[in-house]
Number of protein chains: 2
Amino acid sequence: MLTTLPLTTVIYVEASPPSLTDNVADLDRLKAALSTALPPQLAKQPLRSPFACLAKTAASFRSAGFKGWVVVQILSSHLELIDFFAEQPAFLLGLALDLGSTHLEASLIDLLTGRILARRTALNLQVEYGADILSRIHFADQDKGLKRLQQAVIKAINDLIKDLCQESAVRPETIYAVTVAGNTTMTHLLLGLSPHYLCREPYIPLVNAPDPLLAVEIGLRLHPQAKIWPFPSRGSYFGGDLIAGILATGLDQAEQTAMLIDVGTNAEVVLGSSDWLIACAGAAGPALEGGVAKMGMRAAPGAIEQVSIDRKDWQLCWRSIGDAAPVGICGSGLIDMVAELYLARIIDLRGKFQREFPGQSEKQRSFIKKHLLQREGETVFVLTQRVAISQTEIDAMIRSKAAMYAILETLINQVGVSFGELTQIHVAGAFGKHINPKQAITLGMLPDLPLTIFNPVGNTSLAGAEMLLLDCLLWERAKAICRRITYLELNVNQEFMLRFSGSRFIPHTDPGLFPSVPRFR
Amino acid sequence: MLTTLPLTTVIYVEASPPSLTDNVADLDRLKAALSTALPPQLAKQPLRSPFACLAKTAASFRSAGFKGWVVVQILSSHLELIDFFAEQPAFLLGLALDLGSTHLEASLIDLLTGRILARRTALNLQVEYGADILSRIHFADQDKGLKRLQQAVIKAINDLIKDLCQESAVRPETIYAVTVAGNTTMTHLLLGLSPHYLCREPYIPLVNAPDPLLAVEIGLRLHPQAKIWPFPSRGSYFGGDLIAGILATGLDQAEQTAMLIDVGTNAEVVLGSSDWLIACAGAAGPALEGGVAKMGMRAAPGAIEQVSIDRKDWQLCWRSIGDAAPVGICGSGLIDMVAELYLARIIDLRGKFQREFPGQSEKQRSFIKKHLLQREGETVFVLTQRVAISQTEIDAMIRSKAAMYAILETLINQVGVSFGELTQIHVAGAFGKHINPKQAITLGMLPDLPLTIFNPVGNTSLAGAEMLLLDCLLWERAKAICRRITYLELNVNQEFMLRFSGSRFIPHTDPGLFPSVPRFR
C-alpha cells in the first residue's frame with residue numbers, strides 16, 4: 001500500500017439514493033459524497049468536474065446505484081473528478097518520462113500500489129532534425145520546424161507508450177497521469193513552445209513552470225482526461241530533469257551538504273542541503289559520450305567500458321559491455337584508459353604521448369612500441385584492431401575533465417565550503433553507473449575523496465518523475481526547489497576560466513590537491 | 001468606474017526586462033508582475049495559464065516590452081491569464097443571457113465600465129421540437145434528440161450574439177465571459193446534458209451547480225478562452241433563472257421579509273430575507289400567457305393589455321400594445337378584463353356569465369346584450385370583432401388565479417408570517433410590468449395589500465445575469481442561495497389543494513381576506 005497520495009487516485013464513495021425529500025442532483029451528490037470520503041489533507045480542496053466528462057461521470061454514478069469508485073486528479077488549487085467506476089479498478093496507471101535529447105526512458109506505474117509494471121527506452125525521433133540541442137533550436141525557427149520537432153517527439157512517446165502497454169497487457173486509455181522530466185529545450189519542444197530565446201543572451205525561457213495540461217492538448221493518446229505534469233525548470237540551462245534529480249536524491253532536504261553530478265551533453269552540478277541550493281552547468285560532457293572522440297560511443301553492447309594496463313607484466317586488458325566484439329569506447333572506458341595511460345607514463349602530465357622517459361624498462365618500451373602506432377598520419381594508442389585513440393581525442397578528454405573539476409571547484413568555492421565537508425556526491429546516469437571513481441580521481445576529474453563518498457544513483461530524472469507520480473506533494477516541492485536554487489552562470493565567470501586552466505594537467509597544476517595520485521617527474 | 005470586480009477583467013502589469021542576473025522566464029515574469037498588481041482581495045489566489053493560450057500570452061508580453069494589459073478570468077479557486085494587450089483595450093465584453101424556453105434575452109456589456117451596449121430578444125429555436133418543457137424532455141430521449149435541441153439553442157444564441165455585435169460594431173471574439181440564467185431543463189439542454197430524470201419522480205437533475213466551462217465546448221463562437229458561468233439551480237423545478245432573480249432583487253440579503261413572484265410557464269415564488277429563504281413553484285401561469293386562452297398571447301404589439309368597463313355610461317374601453325389593431329389579449333389584459341367583468345357583474349363570484357341579476361339597470365342590460373354573444377356554439381364576451389373570450393377561458397383564468405393565491409398563501413403559512421408583514425412583493429417579468437395590481441387584487445389573485453407593496457422588477461433573470469458578469473463575488477453568493485433555500489414541493493402538498501379550492505371564487509370564499517374588493521350578493 002502507498003503511504004503517499006499519487007497525482008491521480010481512486011476513492012470509494014457511497015451516497016443514499018435521491019428521494020422527494022432529498023433532491024440533490026447526481027453530480028452534486030457525488031461531490032458531497034466525495035468530500036466526506038477525502039483524506040483529511042484534501043478535505044478543504046474545491047472539487048471540480050471538467051465539462052467534457054461531467055455527463056459521463058454523473059450518469060455512471062447514478063447507474064451504479066450512487067456508490068462506487070471515483071477517479072480524482074489532485075491539482076494544487078483544486079481536485080478534479082475525471083472518471084467513475086462501479087467496480088473497484090484493478091489498477092490505475094501513470095507514466096513517468098525522462099525526456100532526453102537523444103533517448104527517452106519511461107516507466108509505467110500502477111498508481112494504486114506504486115508497482116512499476118514496465119520500463120523502456122526509445123530514441124527521441126527529433127534526432128532526425130538535429131543531433132544536438134542547438135541545432136534543434138535553430139531548426140525550430142524554420143517554417144513548420146517547431147511543429148515537426150513536436151510531432152517527432154510525440155510520435156516517439158506514443159510509440160513508447162504502446163510498447164509499454166503491450167508488454168504489460170494494458171490499454172493506453174487506462175493511463176491518467178504523466179510526469180515529464182526534461183531539460184528546458186526538450187520541455188519547450190514537447191509543449192510546442194518556441195525555444196528561440198533559450199540560446200540567446202540573456203537566455204530566457206518562454207516558461208519555467210507550466211501548469212499541468214491535458215495530454216490530448218499535445219497529441220498524447222491516453223485517457224481523455226489524462227494530465228501532464230512537466231517538471232519546472234530553473235532557467236534555460238537548468239531544466240526539469242535536474243529538478244527531478246534533486247527530488248530523487250533528496251538534496252533539497254539533506255541535513256548535511258551533498259552534491260549531485262549529472263553528466264549528459266552538459267555537466268550539471270548541484271550543491272546544497274535543506275538550507276541552501278546552488279547549481280551550475282557547463283560543457284564538460286561531449287568528450288565523454290559520443291561525438292567528440294572518434295571512437296566514442298554510448299554505454300552499449302560492444303563499448304569498451306573498462307581498461308587496465310598490467311604494469312608488471314605489461315599486458316593490456318579491457319572489457320566490453322556484454323562481452324561483445326569491441327566497436328568503440330564509452331565514457332567510463334575512456335576515463336579508465338587515459339588514467340591507465342598516465343599511470344603507465346605513456347602520456348605525461350599534460351596528457352601528451354611520450355615514447356621514452358628516464359627509468360623506462362625494456363618490457364615497458366616494447367609495450368609502447370606495440371601499442372603506440374601511426375595510423376592515417378597521426379599517433380594513436382591501439383586497444384584492438386578496430387579501437388584506437390588519438391592525441392586529439394586525449395586532448396579533448398583532458399579539456400572535459402578540466403572543465404568538470406573547474407566546475408566543481410568554482411561551485412564549492414562560491415559558497416565557502418571545501419570538498420572535505422561533503423558527505424555524499426551523487427553521480428547520476430550512465431556516467432555514475434559505469435565510471436570508476438578511483439580512475440576519475442587519478443585524472444583529476446573528481447576530487448580526491450574516500451571512494452565511499454561517491455554514490456552512483458542511476459537515472460535520477462526518471463526516478464524523480466516516478467516519485468512525483470506517486471506523491472502529489474512533490475509538485476509544490478519541485479516548484480519550491482526552483483525558487484530556492486541559486487544558479488551560477490559560468491559563461492561569464494572569470495574564476496571558472498582560471499580554474500579551468502589550472503585543471504588542464506594530470507591530476508592538476510597543484511598536485512597537493514590529489515595526495516592519492518602518483519606523481520612523475 | 002466599476003466598484004466591483006467583474007468575472008473577467010484587465011490589469012496593467014509592468015516588469016523589468018530580463019538580464020543575465022534576472023533570468024525569470026517570460027510567463028513566470030508575467031505572473032510575478034501580475035501578482036503584485038492584483039487588488040488585495042485576489043492577491044493570494046493561485047495564477048494559472050491555460051495551455052491553449054500560454055505561448056501567445058507569453059510572447060505578447062515579451063514583444064510588448066514586458067508591460068501591458070493582461071486579461072484575467074476570476075474563478076473561485078484560482079485566476080486564469082487568458083490574453084494580453086500591449087495597448088489598453090477600449091472595452092472588454094461580456095454577455096448576460098436569460099435562457100427562456102420560448103425566448104432568449106441577452107445584454108452585451110462592457111466589463112470595464114458596466115455599460116450596457118445593446119440588449120436584444122430572440123426566439124429559442126428549440127420551439128421547433130416542442131412548445132413546452134415537457135415535450136422537449138421527451139424529444140431529448142429520441143435518437144439524436146438531445147443533440148438537436150442543444151444545436152438549436154446554440155444556433156439561436158450565436159445568431160443573437162451576431163446581431164448584438166453588429167448593432168454595437170464589435171466582434172464576437174472580444175466577448176470573454178457569458179452568464180446564463182435559465183431554468184433547470186433549459187440549462188441541461190444548453191450543456192447537452194440529458195434532462196431525462198428531471199420530469200420523473202423524484203425529479204433529480206444531472207447537475208445543479210456546474211463549474212464554469214469554455215464557451216467553445218458547447219459551440220459558442222466567442223473569444224477562444226471565453227467562459228460560461230451557468231447559474232446554479234436548486235432542483236428540477238427551481239432553476240438558475242430564479243436564483244438570478246433572487247440575486248437581482250437582493251431577497252437573500254433583505255433585512256425585512258419580502259417576496260419575489262415570477263410568472264412564466266410556472267408561477268415561481270420565493271419568500272425570505274437574509275435569515276431564511278423558502279420557495280415553491282406551481283402551474284399558475286399558462287392561462288395568463290399563450291396556449292390556454294384561445295385569444296391569449298404574449299405582451300406584443302396588437303395584444304390588448306388594458307380593459308375597463310365604464311360602469312356609469314356603460315362603455316367598453318381597451319388599449320392594445322403599440323396601439324396596433326387588436327389580435328389577441330395578453331395576461332395583464334385578461335386580468336383587467338375578468339376583474340372588470342366581475343365589477344360589472346357580468347360574471348358572478350364563481351366566474352360564470354350572468355345576463356340578469358337583481359338591481360340591473362337598462363344601460364347595463366343593453367351593454368350585456370351587445371357584448372355577450374353566441375359564437376361557434378358557446379357564449380363569449382366580445383371585445384372587438386376579432387377578440388372575444390369564452391366561459392371556458394374565464395374558467396381557466398379562475399383556476400390560474402386560484403392556484404396563484406393558494407401558492408402564496410401556502411408559502412406564507414409554511415413559515416408562520418402573514419401577508420401584512422411583507423415589506424415588498426417584487427413582481428418579475430412581463431407579468432409584473434403590465435398587470436394592474438389593483439385588478440389582480442379584485443380577482444383575489446394577489447393579496448389585498450397597499451399597492452405600493454407591489455414592485456414591478458422586469459426581467460430579473462437577465463438582471464441577475466448582468467449583475468454576476470460585473471461582480472465575481474456573486475458566483476459564490478448564487479451557490480450559497482442554492483444551499484440556503486428550502487424548496488416546498490406542492491405536488492404532494494395537501495394544504496395547497498385545500499387552499500386552491502377555497503380560492504376558486506372572486507375574490508375568495510373568505511371575502512374577509514379582501515376588504516378592499518366590493519362584494520355582491
Side-chain angles (χ1 to χ4, degrees), chain A residues 17-31 45-52 54-55 58-59 62 75-78 80 184 188 191-194 196-197 201-214 217-218 228 232-238 482 487 489 491-492, chain B residues 17-31 45-52 54-55 58-59 62 75-78 80 184 188 191-194 196-197 201-214 217-218 228 232-238 482 487 489 491-492:
Chain A
S19 65
L20 278 176
T21 55
D22 171 14
N23 70 345
V24 172
D26 297 342
L27 188 75
D28 307 78
R29 185 175 301 272
L30 174 58
K31 283 184 177 176
Q45 289 287 70
L47 303 178
R48 302 238 163 285
S49 180
F51 179 69
L54 183 162
R62 170 180 275 272
L75 301 168
S76 302
S77 58
H78 63 278
E80 289 190 1
T184 311
H188 273 57
L191 301 183
L193 305 175
S194 167
H196 182 82
Y197 293 103
E201 207 182 303
Y203 316 108
I204 306 299
L206 193 132
V207 59
N208 272 329
D211 295 312
L213 58 142
L214 285 173
E217 288 184 281
I218 56 168
I228 299 176
S233 51
R234 170 62 183 80
S236 289
Y237 293 112
F238 199 89
C482 285
Y487 184 74
E489 182 57 69
N491 289 333
V492 289
Chain B
S19 66
L20 278 177
T21 55
D22 171 12
N23 70 344
V24 172
D26 298 342
L27 188 74
D28 307 78
R29 185 174 300 272
L30 173 58
K31 283 185 176 176
Q45 289 286 71
L47 304 178
R48 302 237 163 287
S49 179
F51 179 69
L54 183 162
R62 170 179 276 271
L75 301 169
S76 301
S77 57
H78 62 276
E80 289 190 1
T184 311
H188 273 58
L191 302 183
L193 304 176
S194 167
H196 182 82
Y197 293 102
E201 208 182 301
Y203 317 108
I204 306 300
L206 194 132
V207 59
N208 271 330
D211 296 311
L213 57 143
L214 284 172
E217 289 184 280
I218 56 168
I228 300 176
S233 51
R234 171 62 183 78
S236 289
Y237 293 110
F238 199 90
C482 285
Y487 184 72
E489 183 57 67
N491 288 334
V492 288

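If you're wondering where the values come from, they're calculated on a predicted model, not measured in any experiment. Labels below follow one simple rule: chain letters A, B, ... track the order of the sequence lines, proteins then strands, and each chain is numbered from 1.
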Interface moiety of [X] toward chain B, non-hydrogen atoms closer than 4.5 Å:
{"X": "A:Leu30", "result": "neither"}
{"X": "A:Pro46", "result": "side chain"}
{"X": "A:Arg62", "result": "side chain"}
{"X": "A:Asn208", "result": "both"}
{"X": "A:Leu206", "result": "both"}

Separation between [atom1] of [X] and [atom2] of [Y], rounded to the nearest 0.5 Å:
{"X": "A:Ile228", "Y": "A:Ile218", "atom1": "CD1", "atom2": "CD1", "value": "3.5 Å"}
{"X": "A:Leu27", "Y": "A:Leu47", "atom1": "CG", "atom2": "CG", "value": "9.5 Å"}
{"X": "B:Phe51", "Y": "A:Glu217", "atom1": "CZ", "atom2": "CD", "value": "6.0 Å"}
{"X": "A:Leu191", "Y": "B:Leu54", "atom1": "CG", "atom2": "CG", "value": "8.0 Å"}
{"X": "A:Cys482", "Y": "A:Phe238", "atom1": "SG", "atom2": "CZ", "value": "8.5 Å"}
{"X": "B:Ser233", "Y": "B:Tyr487", "atom1": "OG", "atom2": "OH", "value": "11.5 Å"}

So which residue, [options], ends up with the most heavy-atom pairs under 4.5 Å with chain B?
{"options": "A:His78, A:Arg48, A:Glu489, A:Glu201", "answer": "A:Arg48"}
{"options": "A:Asp28, A:Asp22, A:Val24", "answer": "A:Asp28"}
{"options": "A:Ala209, A:Gly235, A:Ala52", "answer": "A:Ala209"}

* Look at B:Thr21, B:Leu214, B:Asp211 and state which one has the largest set of heavy-atom pairs under 4.5 Å with chain A. => B:Asp211

* Structure fact -> Of B:Ala59, B:Ser236, B:Ser19, B:Pro17, the largest count of non-hydrogen pairs under 4.5 angstrom with chain A goes to B:Ser19

* To do: Identify the heavy atoms of B:Ser194 and B:His188 that sit nearest to each other, and give their distance.
  => O-CD2, 3.5 Å

* Asked: Of the non-hydrogen atoms in B:Ser76 and B:Gln45, which two are nearest, and what is the gap between them?
  -> O-NE2, 3.1 Å

* Structure fact -> Under 4.5 Å to a heavy atom of chain A? For B:Asn23 that would be both

* **Interchain contact, B:Ala58 with chain A, by part (heavy-atom threshold 4.5 Å)** => side chain

